[in-house]
Amino acid sequence: MSDGSLVHEITPAETYQIDSDEYDSEAGIDDLGDEEYDRLVEEAETGFTEDEVAQMTAKLKERGLITFLRDYLKPDEQGEVASLRKLLLGFGIVPPAPLRHPSTPNLYLLSFTKLALSRILRRRERLSHLSTISQALDLFRTARNIIVLSGAGISTSCGIPDFRSANGLYAQLQQEGKYELDDPQQMFDIHYFREHPEVFYSFAKQIYPSNFTPSPCHRWIKLLEDRGVLLRNYTQNIDTLESLAGVTKVLQCHGSFATASCLRCKTRAPGPTIEPYIMSSQIPYCGSCRQKRDAEMEAKKAYKAERRKARGKGKGKAKGWGSGSESEDEEEEDEWGGGEPGIIKPDITFFGQALDSEFDECLFKDREEVDLLVIIGTSLKVAPVSEVLTHIPHSVPQIFINLTPVAHVHPDICLLGDADSIVTWLSHELGWKIPPPAAVAHSPNAEAKPPAEEDDARKIHGVKVHPEEVVWLSGVGELSHMHLLSTKAEEQAKEKQPVELEVTGQEGINSDIEGEDEMAMEGTPSEDKEHDAEGDVSLEDQRPSKRSRMEEEQT
């Protein structure tokens, strides 16, 4: 296979569902001798110029990984294909030792190149011309193709617990100590589920969507769709409340309870089929697979009985299953005889499973049309959905709506506070009307709960946040894009008292910020100091030009 054929092998799934954390940035540095190091620096300095690298970086961030690599690897008029080694060294990235020889073909370097370029894509810089609340409103007024990336934060007000907060499912499971888990995330690990499905089914009813009403955030997304400006809602949630709110342009990235499948035979059935099992915390098994397995077991028992009978008559061993001793015959056989068990699992994407190909296909298409990205109710901890931000053209404005800021992304405008209150305020200022909650047919197997009060002044965190009572505390200088939702009553109560927020490590108002020493401000929301802990394997030297760029890749 020639390197030219690579251009046809680069697919969305090969780029959007990679995790650059898989790459050990320290691997290969220690074995890089001075002589080899100097050769690599010299090779890099005779490759691309600084301007060429800058142009390639800009194209990568705007056109995306797939288009960039396809264009770069497209054969020229003479049929020659550009070198991935040259590209990597131009960006100041050294391949690991097994891929470092100059004769290494593009085909072998492709996977590593995708990982390395993915890290460059993560380094999005804020659009400096955007920062204010009024500019956020203008973006909503003018946008025609909005992508909404939503997470658990838009469902917590419905009564559905999130996963990572202090009171989330992971914390609850850890506190109960009922199951011996190395990590509470194991309850969503496909390998653990195969062996211990009872853990998942012990809490599944807490997140099952049959007994919840869509929040103002869900209905706000429906409002965007009704206005014809929603390009797509990428949701990490599995509760299907977006669909219940009437949103049709929704992609449930991590699957949902809408359908369920047998691990063994892959037969798919409607989600309500296993609802009684979920509500009673029981494990649903596939009837067809169970019958087949029971028939196999009965046949084996009959065969073994016949063989023992034949031994007793001195007629020797029967031929067929196995040839072991009688003691071996009596060993207890695995319930499912190896392979996948016949357990029915909701079609939720667990850790260890790839996302559906629809995710890759939609993102590849939508990135060409989107003109505004709104991230709401998510700490962006889980790949590959968290990578959506990096695969959208970096010139597309990003608005982040969440209870707390996050450290590892750099959106253009951050609106911090209760998400329901924020979208209600935005709609009020824009003259839009969020649809009222529709009647929800509750499951007969679920405990009946009265619907929560749903109006613009619903009670959140102990205070009523009516749009006319909202006050924004805005940052200054480098924090001018950060805006914290407050109320007139709160501000009047502390009118003459400066507001000082300090965050140390994981403490303070932002549990998502990691490793920061200390931040303080007055009357403004908190943001971490910008940092980039990606650190590719790079060339370090004190000399300028290419060496300087390679040093930057290490920081």
Side-chain angles (χ1 to χ4, degrees), residues 136-137 139-160 162 209 212-258 358-359 362-363 366 369-380 385-386 388-389 392 396-403 411 413-415 417-440 451-452 454-456 458 460 467 485:
L137 292 170
L139 288 172
F140 280 112
R141 289 188 183 100
T142 59
R144 294 295 176 266
N145 292 291
I146 302 175
I147 285 180
V148 177
L149 175 58
S150 55
I154 72 170
S155 294
T156 52
S157 64
C158 304
I160 299 177
D162 64 359
F212 301 100
T213 301
S215 71
C217 283
H218 295 110
R219 293 183 278 116
W220 178 75
I221 297 172
K222 171 61 175 171
L223 167 65
L224 296 180
E225 184 175 63
D226 289 344
R227 295 184 63 84
V229 296
L230 179 67
L231 180 58
R232 202 178 313 273
N233 173 204
Y234 289 80
T235 178
Q236 301 174 82
N237 300 336
I238 58 178
D239 52 39
T240 67
L241 289 179
E242 298 86 2
S243 298
L244 193 59
V247 181
T248 59
K249 294 182 178 180
V250 59
L251 177 62
Q252 289 150 339
C253 301
H254 294 157
S256 72
F257 283 98
E358 186 181 8
F359 170 80
C362 288
L363 184 56
D366 292 345
E369 302 178 45
V370 60
D371 57 10
L372 175 62
L373 175 63
V374 179
I375 308 104
I376 181 168
T378 173
S379 58
L380 297 167
V385 178
S386 60
V388 168
L389 278 67
I392 296 297
V396 172
Q398 297 183 5
I399 296 177
F400 181 70
I401 302 173
N402 200 43
L403 189 61
I413 301 175
C414 295
L415 307 180
D418 169 64
D420 287 338
S421 300
I422 290 174
V423 299
T424 300
W425 180 86
L426 288 171
S427 300
H428 178 268
E429 293 297 306
L430 293 166
W432 299 351
K433 181 66 176 177
I434 295 179
V440 179
E454 297 281 352
D455 58 22
D456 288 345
R458 63 177 303 189
I460 299 295
L485 181 145

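Because the structure is a prediction, the values reported are computed rather than measured.
The minimum heavy-atom distance linking T424 with P216 is given by the pair OG1-CB, 4.2 Å. Between P214 and R219, the closest heavy-atom pair is O-NE, 3.7 Å. Taking every heavy atom of both residues into account, N402 and G377 meet most closely at OD1-CA, 3.3 Å. In terms of heavy-atom proximity, G151 sits nearest to T378 at CA-CB, 3.8 Å. In terms of heavy atoms, L389 sits closest to L373 at CG-CD2, 4.0 Å. Heavy-atom minimum distance, D418 versus L403: N-CD1, 4.0 Å.
Shown here are the side chain to side chain contact (heavy atoms under 4.5 Å, CB included) partners of S243, two or more places apart in sequence or in another chain: V250, Q252. Scanning for ring pair (Phe, Tyr, Trp, His ring centres under 6.0 Å) contacts around F400 gives an empty result, with sequence neighbours left out. Scanning for side-chain hydrogen bond (donor to acceptor under 3.5 Å, both in side chains) contacts around E429 gives an empty result, with sequence neighbours left out.
Residue pairs meeting the ring-ring contact (aromatic ring centres under 6.0 Å, His included) criterion with at least one member in residues 227-248, sequence neighbours excluded, do not occur. Applying the salt bridge (charged side-chain N to carboxylate O under 4.0 Å, His left out) rule to pairs touching residues 221-238 yields K222-E225, K222-D226, R232-D366, sequence neighbours excluded.
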Donor-acceptor contacts, no H, no angles, side chain residues 143-150, under 3.5 Å, sequence neighbours left out:
{"unit_1": "R144", "atom_1": "NH1", "unit_2": "R141", "atom_2": "O", "d": "3.2"}
{"unit_1": "R144", "atom_1": "NH1", "unit_2": "T142", "atom_2": "O", "d": "3.2"}
{"unit_1": "S150", "atom_1": "OG", "unit_2": "N233", "atom_2": "ND2", "d": "3.2"}
{"unit_1": "S150", "atom_1": "OG", "unit_2": "T235", "atom_2": "OG1", "d": "3.4"}

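Checked by atom type and distance alone, the side chain of H428 never pairs as donor or acceptor with a backbone atom of P467 at under 3.5 Å.
Taking the six-membered ring for Trp and the full ring otherwise, F140 and W220 have centroids separated by under 6.0 Å.
Taking the side chain as every heavy atom from C-beta outward, C217 and I376 approach each other to under 4.5 Å. Between L224 and W432, some side-chain heavy-atom pair lies under the 4.5 Å cut-off. Between L244 and D239 the shortest side-chain heavy-atom distance does not fall below 4.5 Å. Two residues are said to be in side-chain contact when any heavy atoms from C-beta on lie closer than 4.5 Å; I154 and V423 fail this criterion. Using a 4.5 Å heavy-atom cutoff, the side chains of T213 and L241 are not in contact. The shortest side-chain heavy-atom distance between L223 and K433 does not fall under the 4.5 Å cut-off. A 4.5 Å side-chain heavy-atom check between L139 and I399 finds at least one atom pair inside the cut-off.
The OG atom of S421 sits 12.5 Å away from the CG atom of L415 when rounded to the nearest 0.5 Å. Put simply, CD on Q398 and CD1 on I375 are 4.5 Å apart, with the number rounded to the nearest 0.5 Å. S215 contributes atom OG, which lies 8.5 Å from atom CD of E242 (distance to the nearest 0.5 angstrom). The structure places SG of C362 at 5.0 Å from CG of L251, a figure rounded to the nearest 0.5 Å.
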